[in-house]
Engineer: 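Got a structure for you, written out below as structure tokens; questions coming shortly.
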Amino acid sequence: MTKWLVKTEESVYSIDRFQSDKKTVWEGVRNYQARNYLRAMQKGDEVLVYHSNSDPTAIVGLAQVRLTAFADPSQFDPKSEFFDPKASKEAPRWFCPEFGFVKKFKRPLSLEHLKGQSDLKGMVLLQRGSRLSVQPVTDKEFTLILKLAE
DNA sequence: GCCAACGTTGGC
DNA sequence: GCCAACGTTGGC
């Protein structure tokens, strides 16, 4: 099974909020590469949750795919900030899975800390200019991250 | 708030 | 299909 990482701005949707919601539909992703990854997610896949634009920016917890991706309802809603006039119910452009909350890490792993791990040099998150908000994570990276976090 | 990096749009 | 202009992301 593939492992993943998703970004969220703490001020927009935090790990604490996710913890109290217990599950969440990961809507609003509007980037094709990220969308393709969302669609590739399988039920049960494990997903690292990362706080971007936060202090500190860090991997803060773990989620699991509950439902594979379906048409993101926000693309059809003219009142939504994620509304896409080019999308239709017949031909949706954007998709979202549903995640279940698994845990909040005892120790959030800051970007700075992650950069110091030589075994994580290849991580998509750590590549220069990497902005992708949904990323695959290798098994090796995933195992190490869990070890560091717990 | 700045700005580098990258993605998207649209004229041609 | 190219590419300039513009928009967004996200670290700092």
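In what follows, every chain begins at residue 1, and chains take the letters A, B, ... in the order their sequences are listed. This one's a predicted model, so the numbers in the text were calculated from it and none came from an experiment.
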Engineer: Verify, without hydrogens or angle tests, whether A:S14 (side chain) and A:R17 (backbone) share a donor-acceptor contact under 3.5 angstrom.
Structural biologist: yes
Engineer: Filter on ring-ring contact (aromatic ring centres under 6.0 Å, His included), then keep only pairs touching residues 95-134 of chain A, sequence neighbours left out; what's left?
Structural biologist: A:F18-A:F101, A:W26-A:F99
Engineer: How does each nucleotide of nucleotides 3-10 of chain C score, in 5' to 3' order, for protein heavy atoms under 4.0 Å: base (B), sugar-phosphate only (S), or none (-)?
Structural biologist: ----BBBB
Engineer: Each residue besides A:F82 in its hydrophobic cluster should be listed here, by chain and number; the cluster joins Ile, Leu, Val, Met, Phe, Trp and Tyr at side-chain heavy-atom distances under 4.5 Å.
Structural biologist: none
Engineer: Would you say the side chain of A:W94 lies within less than 4.5 Å of the side chain of A:V29, judging by non-hydrogen atoms?
Structural biologist: no
Engineer: Regarding A:R30 and A:D72, does a basic nitrogen lie under 4.0 Å from an acidic carboxylate oxygen?
Structural biologist: yes
